[in-house]
Amino acid sequence: MIRVYNTLSKSKEPFEPVTPGKVGIYLCGPTVYKPSHIGHMVGPVIFDTIKRYLTYSGYDVTLVVNVTDVDDKLIAESSERKIPMAELAAEMTADYMNNLAALGVDAIDHFPRCTEHMDEIIRFTSTLIEEGFAYESSGDVYFEVGNVADYGKLSHQGAEALQGDGGGMAERKRAGADFALWKSAKPGEPAWDSPWGSGRPGWHIECSAMSRRLLGETFDIHGGGLDLVFPHHENEIAQSEACHGKPMAKYWMHNGLMQASSEIGKVGGRHTRAVEGDLATQEVGKISKSKGSSAFGEMLREFPGETIRFFLLSTQYRRPIDYSETRIREVDTGLETFYRFFKRYERVTGSSFYQIRPPATRDAGDFQPGDDAMLQTVAEHRARFLEAMDDDFNTAGGIGALFDLVRRLNKFIEDEKLEEPKKPDTTKLAALQQGTTTLCELAAALGLFRKPPQEMPAGAHELTGKLLDLLMEIRADARKAKDFATADRIRNALAELGVTLEDRPGGTEWSID
RNA sequence: GGCGCCGUAGCCAAGCGGCUAAGGCAGCGGAUUGCAAAUCCGUUAUUCGCCGGUUCGAAUCCGGCCGGCGCCUCCA
């Protein structure tokens with residue numbers, strides 16, 4: 001039984017889709033006016049993982065992530081850069097897509113764009129006017145919050161607490177809290193024809209319109225960052241439920257936000273963010289409001305996508321994550337444990353970890369450990385992984401089980417001396433393969449270890465490899481002759497260049513950091 | 001001011017009423033190694049911000065306090 005935390009009820013609820021066996025998920029995606037930063041990647045990675053896990057659990061899942069390509073911020077940015085809004089949107093959408101690909105986010109089925117759904121948006125708005133939930137005012141259309149009895153139910157605030165001053169459009173609104181469904185265009189702004197004159201959609205309406213078209217009037221999961229609870233999702237619920245007279249989504253899931261953290265903050269003790277030097281200007285806070293939030297594309301030059309994915313999954317999704325390079329490096333060190341095991345697995349079995357075709361569902365992955373002690377613990381760790389993930393997709397708990405699993409497998413290789421040149425015991429080998437297949441199966445449910453980590457740039461590779469092999473040969477001769485001074489000199493010199501040597505019974509292996 | 005989240009070892013982080021408080025990073029000891037690296041074993045929280053309360057039993061529930069953070073009209 002999978003349980004999910006629902007913002008609507010503020011509690012974990014058993015997961016039962018509206019239609020048995022099928023799951024529709026709508027995640028609020030980016031407004032494409034600037035290159036994305038790491039904060040934008042949290043939701044996609046989490047929900048990509050949630051889809052994988054639900055699929056693994058036997059559901060037929062559709063995941064939709066919208067792309068908002070008309071908006072005041074796009075208009076402002078495009079006029080500043082003196083390029084058409086569509087061109088800006090195309091450029092930033094491409095940036096977004098590249099970033100998702102690098103993170104292994106490829107489970108998204110649809111990326112609906114606002115500009116491609118104007119008819120649906122206009123139809124939605126018209127219905128709301130006809131039903132008396134919205135009104136036209138000087139070419140704008142506003143949703144009348146006062147006509148919805150339960151307005152505020154998602155953010156758990158009373159309507160009176162949500163009375164704003166109406167912002168710049170106060171004179172056109174009946175009440176301060178009313179929000180725009182349609183905004184009339186000023187001269188020169190991108191505009192679409194509508195029954196209320198030329199204009200563009202307000203911020204919230206596109207999600208209501210596009211989710212209805214792709215997932216129906218009531219779907220299963222609506223997700224987004226915690227910062228979207230109010231006003232964005234509150235307004236989506238209000239307009240969709242007013243329009244359809246039924247719940248918009250069964251479960252509302254919100255991920256915690258990425259915090260920008262200073263690198264040297266934690267010297268004096270907990271929560272002292274003592275800073276000095278240039279970092280003094282960088283306070284802890286939302287990364288989207290941090291001046292230091294650099295484009296995600298630049299980050300990918302420093303860290304592999306899989307490392308960042310692993311970093312994001314190493315915390316429960318509802319909690320905030322402090323971003324720091326130090327933390328990413330720590331997490332990267334942990335990942336090495338897995339990569340090294342995969343190489344070891346290949347040395348022992350002669351076949352690549354990445355060739356394993358793991359069971360695609362949890363039912364298929366169930367196996368009988370029999371009286372093999374190693375396989376029994378593998379089964380236990382697997383159960384622990386599933387238990388964690390069933391509990392509101394606790395990826396951090398699941399990853400803990402994965403670490404235990406590799407350690408058990410490494411221990412098995414040592415205990416059974418599988419790495420020694422002697423003839424391999426086929427029964428033991430089969431057990432190792434079963435255990436490793438389980439590791440592969442569970443990791444795949446998190447979208448991890450699906451292909452080998454990125455190697456060093458190809459150009460330098462060939463010659464470097466040959467030179468290193470030559471050095472290994474010379475060093476092997478020196479060691480054979482007990483000339484350890486020479487052997488150590490080679491190893492130390494290479495270490496300074498970032499090349500690590502590992503002497504094994506079968507020969508020396510080198511790797512470049 | 002209103003609504004809400006968080007405070008678990010040196011750092012990061014699971015656990016959210018009852019087995020010995022997961023796991024990672026860092027450190028230390030041992031096995032292994034010519035020495036290393038890697039791997040394995042052991043070790044690092046009698047205790048979960050502080051103070052009360054509920055309970056046979058609390059890191060987990062309730063109240064108060066201290067500390068950090070988010071949202072409150074366009075940020076994922």
Side-chain angles (χ1 to χ4, degrees), chain A residues 7 10 12 27-31 36-44 46 65 68 71-73 152 155-158 160-169 176-180 202-204 223-232 234-235 254-259 266 269-273 284-289 311 314-316 318-322 324 326-327 329-337 340-341 343-344 384 388 391 394-404 406-407 410-415 419 479 482 484 487-488 491-492 495 500-504 508-509 511:
Chain A
T7 304
K10 295 199 279 187
K12 287 181 192 170
L27 172 68
C28 282
T31 299
S36 33
H37 59 253
I38 186 170
H40 294 120
M41 300 294 120
V42 178
I46 298 299
V65 177
T68 299
D71 168 276
D72 292 2
K73 292 193 292 293
S155 53
H156 305 285
Q157 306 198 74
E160 62 288 345
L162 298 173
Q163 289 301 330
D165 60 8
M169 293 294 126
D178 292 353
F179 56 90
W203 180 31
H204 319 295
L226 211 45
D227 53 347
L228 295 183
V229 174
F230 186 88
H232 187 52
E234 195 71 74
N235 291 349
H254 292 98
N255 59 268
L257 303 177
M258 175 78 59
Q259 314 274 134
K266 292 133 191 166
R270 93 189 64 213
H271 297 306
T272 51
R273 309 284 195 179
V284 179
K286 269 177 69 171
I287 207 149
S288 59
K289 286 182 176 168
F311 165 66
S314 65
T315 300
Q316 214 280 345
R318 281 190 283 124
R319 295 183 52 132
I321 312 180
D322 278 1
S324 83
T326 308
R327 270 232 61 209
R329 285 201 194 87
E330 285 174 7
V331 151
D332 192 61
T333 306
L335 257 186
E336 288 294 329
T337 302
R340 270 195 286 267
F341 170 76
K343 286 186 185 162
R344 193 178 198 188
R384 203 151 59 78
D391 183 13
N394 184 356
T395 52
I399 285 173
L402 256 31
F403 271 106
D404 283 335
V406 234
R407 189 191 307 116
N410 267 321
K411 184 172 163 52
F412 185 71
I413 290 174
E414 310 231 321
D415 289 350
E419 208 170 0
R479 291 179 69 210
K482 302 248 187 282
F484 296 122
D488 290 350
R491 187 173 60 198
N492 293 339
T500 308
L501 302 191
E502 299 182 23
D503 293 329
R504 291 209 194 75
T508 299
E509 200 165 284
S511 59

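Letters A, B, ... are given to chains in the order of the sequence lines, protein chains preceding strands, and every chain is numbered from 1.
Heavy-atom distances to RNA chain B give each of A388(A) and A180(A) a nearest nucleotide, and the one nearer the 5′ end belongs to A388(A). Comparing E330(A) and G225(A) along RNA chain B, the residue whose closest nucleotide (by nearest heavy atom) sits nearer the 5' end is E330(A).
Taking atom CZ of residue R329(A) and atom P of nucleotide C12(B), one finds them 17 Å apart after rounding to whole Å. Rounded to whole Å, atom P of C35(B) lies 11 Å from atom NZ of K482(A). If you measure from atom CZ of R318(A) to atom P of G15(B), you get 8 Å, rounded to the nearest angstrom. The CE-P distance, from M258(A) to C71(B), rounds to 15 Å in whole Å. Atom pair Q259(A):CD and C5(B):P shows a separation of 16 Å (rounding to whole Å applied). Between the CD atom of E502(A) and the P atom of A38(B) there is a distance of 7 Å, rounded to whole Å. Rounded to a whole Å, the CZ atom of F311(A) is 12 Å from the C1' atom of A13(B). Per the geometry, NE2 belonging to H204(A) stands 7 Å off C1' belonging to U73(B), to the nearest Å.
Nucleic acid contact for K10(A): sugar-phosphate only, since backbone atoms but no base atoms lie under 4.0 Å from a heavy atom of the residue. E509(A) comes within contact range of no nucleotide atom at all, as no heavy-atom separation falls under 4.0 Å. Using a 4.0 Å heavy-atom distance criterion, L226(A) is classed as making no nucleic acid contact.
Partners of S155(A) by side chain to side chain donor-acceptor pair (under 3.5 Å), not counting sequence neighbours, listed by chain and number: E234(A). Qualifying side chain to side chain contact (heavy atoms under 4.5 Å, CB included) partners for S511(A), counting only residues two or more places apart in sequence or in other chains: T500(A). In this structure, F484(A) has no ring-ring contact (aromatic ring centres under 6.0 Å, His included) partners at least two apart in sequence or on a different chain. R479(A) meets the salt bridge (Lys or Arg N to Asp or Glu O under 4.0 Å) test with D503(A); sequence neighbours excluded. For D71(A), the salt bridge (Lys or Arg N to Asp or Glu O under 4.0 Å) criterion is met by K73(A), not counting sequence neighbours. The ring-ring contact (aromatic ring centres under 6.0 Å, His included) check on H232(A) picks up W203(A), H204(A), with sequence neighbours excluded. By the side chain to side chain donor-acceptor pair (under 3.5 Å) test, E419(A) pairs with R344(A), R347(A), sequence neighbours left out.
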Is there any protein nitrogen or oxygen under 3.5 Å from a nitrogen or oxygen in nucleotides 16-22 of chain B, and what are the pairs?
unit_1, atom_1, unit_2, atom_2, d
A22(B), O2', R384(A), NH1, 3.3

Under 3.5 Å, which N/O atoms of the protein pair with N/O atoms of nucleotides 40-42 of chain B?
unit_1, atom_1, unit_2, atom_2, d
C40(B), O4', E414(A), OE1, 3.4

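In this structure a side-chain-to-backbone donor-acceptor pair under 3.5 Å is missing from T315(A) to F311(A).
A donor N or O paired with an acceptor N or O is found under 3.5 Å between the base of G34(B) and the side-chain atoms of D488(A). A donor-acceptor contact under 3.5 Å links the side chain of R491(A) to the base of A36(B).
Side-chain contact between K343(A) and E509(A) is present, with at least one heavy-atom pair separated by less than 4.5 Å. You'll find the side chain of R340(A) reaches within 4.5 Å of the side chain of E502(A), heavy atoms only.
Taking every side-chain heavy atom of C28(A) into account, A76(B) is the closest of G34(B), A76(B), C11(B). Each of A76(B), C72(B), C74(B) was ranked by its minimum atom distance to the side chain of F230(A); first place goes to C72(B). When the nucleotides U73(B), G34(B), C3(B) are ranked by their closest atom to the side chain of H156(A), C3(B) comes out on top. For D227(A), counting side-chain heavy atoms from C-beta on, the closest listed nucleotide (C12(B), C25(B), C71(B)) is C71(B). Ranking A36(B), A14(B), A76(B) by closeness to the D503(A) side chain, first place goes to A36(B).
A distance of about 24 Å separates the P atoms of A31(B) and A45(B), rounded to the whole Å.
Ring-base stacking between F403(A) and G24(B) is not satisfied when judged by a centre separation under 5.5 Å and a plane angle under 30°.
The base-pairing partner of A37(B), taking Watson-Crick or G-U wobble contacts with both distances under 3.5 Å, does not exist among the strands shown. Using the Watson-Crick or G-U wobble rule with both distances under 3.5 Å, U43(B) pairs with G27(B). Across every strand in view, C16(B) sits unpaired, with no contact that passes the Watson-Crick or G-U test at under 3.5 angstrom. Across the strands present, G67(B) finds its partner in C6(B); the criterion is a Watson-Crick or G-U wobble pair with both atom distances under 3.5 angstrom. Applying the Watson-Crick and G-U wobble criteria (two distances, each under 3.5 Å), C48(B) pairs with nothing in any strand.
Close to A76(B), at under 4.0 Å from its OP1 or OP2, lies a side-chain N or O of T31(A). Taking only side-chain nitrogens and oxygens, R504(A) never comes nearer than 4.0 Å to OP1 or OP2 of A37(B).
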